[in-house]
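Right, one structure below, let's go through it.
Proteins get letters first, then strands, A, B, ... in listed order; numbering begins at 1 in each.
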Amino acid sequence: MKEKIKELILSALRKVQKEEGKEIDIPIFNIEVPKVEAHGDFATNVAFLLTRSLKRAPRQIAALIVNHLPATAWLEKVEIAGPGFINFFLKETAWQQVVKEIITKKEDYGRGDPQNIKVLVEFVSANPTGPLHIGHGRGAAVGDSLANILAFAGYDVRREYYINDVGRQMRILGHSVYLRYLELLGEQHAFPKDFYQGEYIKDLAKEVFEKEGDKYKHMPEEEAILAFSRYAGERILKEIKEVLDGFGVQFDNWFSEKTLVESGAVKELLVWLKEQGLAYEKDGALWFASSRFGDEKDRVLVKADGATTYFASDLAYHKNKMERGFDLLVDIWGADHHGYVARVKAGMQAMGYDPEKLQILLIQLVHLKRGGKPVAMSTRAGEFVPLKEVLEEVGKDAARFIFLTRSCDSHLDFDLEVAKSQNMENPVFYVQYAHARVCSIEKMAKEKGISFPPLEEIDLSPLTEPEEVRLMKMLAQFPEVIEGAARTLEPHRLPYYLTELAGEFHRYYNKHRILGMPDPIAQARFALAQAVKTVIKTGLNLLGVSAPEKM
RNA sequence: GCGCCCGUAGCUCAGCAGGACAGAGCAGCGGACUUCUAAUCCGCGGGUCGGGGGUUCGAAUCCCUCCGGGCGCGCCA
C-alpha cells in the first residue's frame, strides 16, 4: 500500500519536473502512517525536503505535487495539512483488498521476495562448561526469532552455534570433575577457586563413578583429566542441545572450535597475519595489531606459554564464515562481551573483509525476579538459575514472548510471577487468545450448522465499520513490520505489533458480532476474522510461540 | 580513568530511517457477560521524554556536555 502511494508521488514529481523544465533532486522521503487518524491513512513529508531545491514554501510545493497526482480509483481524498504535509485518505475498498490478499496468500502473506543474500546468524554459543542460564535463554530467543524473521523476509539464513571445545576452560572443566571424582573415592584435594564450583560437576563425577568405578584413579592424572574433559564437555553439550530443543531452537550447524584448530586454520591465519605485518612478537607473545583498525590496543594471539587465545580462534572462525560465502554475519553476544566488538571488527578489516558485514547484537542482562524481588542466585551456591528450571516453571511460550518483547539494548526484568500470570502484564496470552477466539467462531459455526462459501469468493464490501477499517489497516502493516524488523535486526517489533493487532481484534469482537448477522455481513466479517487469525499465527510462528486453537 | 548500553506516566516498557497535540500495559477509580471464550472490552486521572547547550522549518529521536544506573576494560573465557 505504501509502495503505491510512493509511486503516485514519484509520478507527480516527474510531471512537475517536466513542467518546470529543470532537474529536481528527488529526495528520500517518508511515507508513514500518522499517529492521528484525522491526518489520514498515510502522510508524506516530501514537500519539506524540496524547499531548498525549489526555493518555495513547503505548502506551495505540496500543492504543486497534489495537483499533479495521477487519478486513482482507491483514493478518497488528498489534503495538504499543517506546515506542508500531504495526507492521503484511502477508500474502504483499498483496505478490503488487504483482506483478499491475506486470504489468497495465507501463511505467505508478509513474506518478502527472495533477496539472494546469505546470512549466518550465530547465537547462544555458550561454552560447554555448564548449564545454560536465563541470559542464554534471551540470546536463544532473539537469535532464533531473528533468524526466522530474516528468512521470512527473504534472506537465505543459516543458524550456527560455535562450540569452544578446546583450550584451558575445557581442561579446567575436566580437572574439576576429576577432583570431585577423587572425592567420591575418599580422596580429599584442595578445590581451586577458579575451578567450576557447581553441583552439576559433582553429578557428572558421580555418573562416571557409577558407570566405570574407580578406573580413572589408577590412570596417570593427565590422561584422566583429558578423559573427564571430553566426557563432561560432550555430556554438557548434549544437555544444552536438549534444553534448546525444548525451547524450540534448532541449529543448522554446530561449529566446533576444535576442528578449526586441528585443521590448521588457526595456525595458517597466524602465519598469514605475520607475513602481512599485522602480527608481531613482543614479550614472548604474538600480538595482533588491532589498534591499526580502530581497536584501542593490540591483542594477544599467542601467549608466552605458547597457547593460542580464544581471540585467535575467533578470527579464524570469522574468516571461515566469510569463506563460506555469507554476505552478512550476525553475531549475538551477551552485553558483557561488548569489549570484543572492536577487536573482532578490526580482525575482519585486517583479513580484508568489510567490517559492516559483521553485525554484532549485544543482548543486555536479564534480571530474574519473583514477585518483584530479585532472584540472583539459585540455592546451589555460585550458580545462575538454569534456563531449564525457568522453562519448567513458566513454559516456552511465555518465556519466549517476554524475551522478545523488549529491545535488545534494554535490561530485562524477568519476573517469574508475571510470566505465569494470565493478564495483560503478560501479553502472550492476550495475543494467543485473539487467535483462539477466531478458532472458536469457526467451531461454533460448525456446531450451529452455519457454512460459509470459500473465502476467496466472499464479498468484502460490507466491511465498513470504523473498527473493521482499523483492523484492516493493522493487517496491511504486517509486511512492513517484517521488513523493518529484518532490516534493523530488531525482532521486538513483531511482538509489539501482534499485541496491537490482537487488541484491535478484541475491541472489534466485543463490539460487533459475526455469527448470526445477515449473510453478506456475517460472511465478510468471517473472512476478516480469518485474515486476523492468519497473520497472528504467522507472527507467533516467527516468534516460536504456539498459536493454540482454544484456551 | 577509558569504552559500550540505558535514563520516557507510580511500575514494566514502546516510540517505526527527525515530523504535526508523547503511547501501551500494569497499578488506582468507575462501568459492561440470558447472545461467537469477561484470559475480553469501555471510561477517568497521571509525563518540564534525566539536566543544559547546539544542528533543523521541525528533536524523545542527530551532535556536544554534565548528572544518574548497568556492564566491560587480563598473555581469562
Side-chain angles (χ1 to χ4, degrees), chain A residues 28 30 32-36 38-39 43-45 48 51 57-58 81-85 87 127 129 164 167-170 172 194 282-287 296-297 299-311 314 334-342 362 364-365 367 372 405-413 415 418 421-430 432-434 436-445 447-448 450 477 480-481 484-485 487-488 490 492-493 495-497 499-500 502-503 505-517 522 525-526 529 550-551:
Chain A
I28 302 166
N30 286 341
E32 49 176 35
V33 179
K35 280 181 249 177
V36 188
H39 294 153
T44 180
N45 64 343
F48 296 105
T51 46
F85 293 99
N87 296 339
N127 290 355
T129 53
N164 291 119
R168 208 170 86 91
Q169 291 309 311
M170 288 311 289
I172 291 177
D194 59 343
K282 194 183 100 186
D283 304 333
L286 183 71
W287 297 72
E296 56 184 87
K297 52 185 167 188
R299 308 291 175 179
V300 171
L301 294 164
V302 182
K303 297 184 266 183
D305 67 4
T308 53
T309 58
Y310 272 49
F311 176 55
D314 284 343
D336 51 341
H337 289 72
H338 72 254
Y340 283 71
V341 173
L362 297 169
Q364 293 296 326
L365 294 185
H367 296 123
T405 312
R406 211 123 313 174
S407 148
C408 295
D409 293 333
S410 287
H411 294 242
L412 167 57
D413 284 345
D415 195 310
V418 171
S421 69
Q422 305 191 337
N423 55 39
M424 264 304 279
E425 258 185 296
N426 189 22
V428 64
F429 295 107
Y430 186 79
Q432 289 179 319
Y433 187 42
R437 272 183 151 171
V438 179
C439 295
S440 159
I441 294 168
E442 289 170 52
K443 197 173 146 225
M444 184 58 65
E447 280 173 21
K448 286 189 176 173
I450 303 169
Q477 285 182 32
E480 291 158 31
V481 171
R487 172 173 41 80
T488 59
E490 290 178 352
H492 75 274
R493 295 188 189 195
Y496 270 97
Y497 166 79
T499 307
E500 269 184 63
F505 180 73
H506 285 310
R507 264 186 290 284
Y508 177 58
Y509 182 94
N510 268 274
K511 188 158 178 190
H512 300 286
R513 290 195 55 79
I514 295 171
L515 303 179
M517 298 300 284
R525 289 184 175 176
F526 185 75
K550 66 174 183 193
M551 295 175 70

Please determine if a side-chain N or O atom of [X] lies less than 4.0 Å away from the OP1 or OP2 oxygen of [N].
{"X": "A:Lys448", "N": "B:rC36", "result": "no"}
{"X": "A:Arg437", "N": "B:rA38", "result": "yes"}
{"X": "A:Arg493", "N": "B:rA14", "result": "no"}
{"X": "A:Thr499", "N": "B:rA14", "result": "no"}
{"X": "A:Lys303", "N": "B:rC76", "result": "yes"}
{"X": "A:Arg507", "N": "B:rC42", "result": "yes"}
{"X": "A:Tyr430", "N": "B:rC41", "result": "yes"}

Please state how far atom [atom1] in [X] lies from atom [atom2] in [N], giving the value in whole angstrom units.
{"X": "A:Tyr496", "N": "B:rC16", "atom1": "OH", "atom2": "C1'", "answer": "13 Å"}
{"X": "A:His492", "N": "B:rG25", "atom1": "NE2", "atom2": "C1'", "answer": "16 Å"}
{"X": "A:Asn127", "N": "B:rC76", "atom1": "CG", "atom2": "P", "answer": "15 Å"}
{"X": "A:Glu500", "N": "B:rC13", "atom1": "CD", "atom2": "C1'", "answer": "13 Å"}
{"X": "A:His411", "N": "B:rG7", "atom1": "NE2", "atom2": "P", "answer": "10 Å"}
{"X": "A:Ile441", "N": "B:rU35", "atom1": "CD1", "atom2": "C1'", "answer": "13 Å"}

Item to complete: Nearest 0.5 Å please: distance from the CZ atom of A:Arg406 over to the OH atom of A:Tyr496.
Response: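 If we round to the nearest 0.5 Å, A:Arg406:CZ and A:Tyr496:OH are 5.5 Å apart.
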How would you label the contact of [X] with the nucleic acid (heavy atoms, under 4.0 Å): base, sugar-phosphate, or nothing?
{"X": "A:His367", "value": "nothing"}
{"X": "A:His506", "value": "sugar-phosphate"}
{"X": "A:Lys35", "value": "sugar-phosphate"}
{"X": "A:Val481", "value": "nothing"}
{"X": "A:Asp314", "value": "nothing"}
{"X": "A:Met551", "value": "base"}
{"X": "A:Ala81", "value": "base"}
{"X": "A:Ala445", "value": "nothing"}
{"X": "A:Ala43", "value": "base"}
{"X": "A:Val418", "value": "nothing"}
{"X": "A:Glu425", "value": "sugar-phosphate"}
{"X": "A:Asn45", "value": "base"}
{"X": "A:Asp283", "value": "base"}

Fill in: Glycosidic class, syn or anti, of B:rC33 using a 90° window around 0
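For B:rC33, whose glycosidic angle is within 90° of 0, the conformation is syn.
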Worksheet item: Mind checking whether A:His411 and A:His367 have parallel, tilted or perpendicular rings, split at 30° and 60°?
Response: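 Because their plane-to-plane angle is under 30°, the rings of A:His411 and A:His367 count as parallel.
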Worksheet item: Are any non-hydrogen side-chain atoms of A:Ser410 and A:Gln364 less than 4.5 angstrom apart?
Response: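 No, every pair of side-chain atoms sits at 4.5 Å or beyond.
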Discussion item. Treating A:Thr309 as the side-chain partner and A:Val302 as the backbone partner, does any N or O pair qualify as donor plus acceptor under 3.5 Å?
Written reply: no
Worksheet item: To the side chain of A:Leu365, which of B:rC13, B:rC71, B:rA20 is closest?
Response: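 The closest nucleotide is B:rC71.
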Item to complete: State which of B:rG19, B:rG72, B:rA38 makes the closest approach to the side chain of A:Phe85.
Response: B:rG19
Worksheet item: Is A:Arg437 positioned over the aromatic face of A:Tyr509, cation under 6.0 angstrom from the ring centre and no more than 45 degrees off axis?
Response: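 Checked: cation-pi criterion met.
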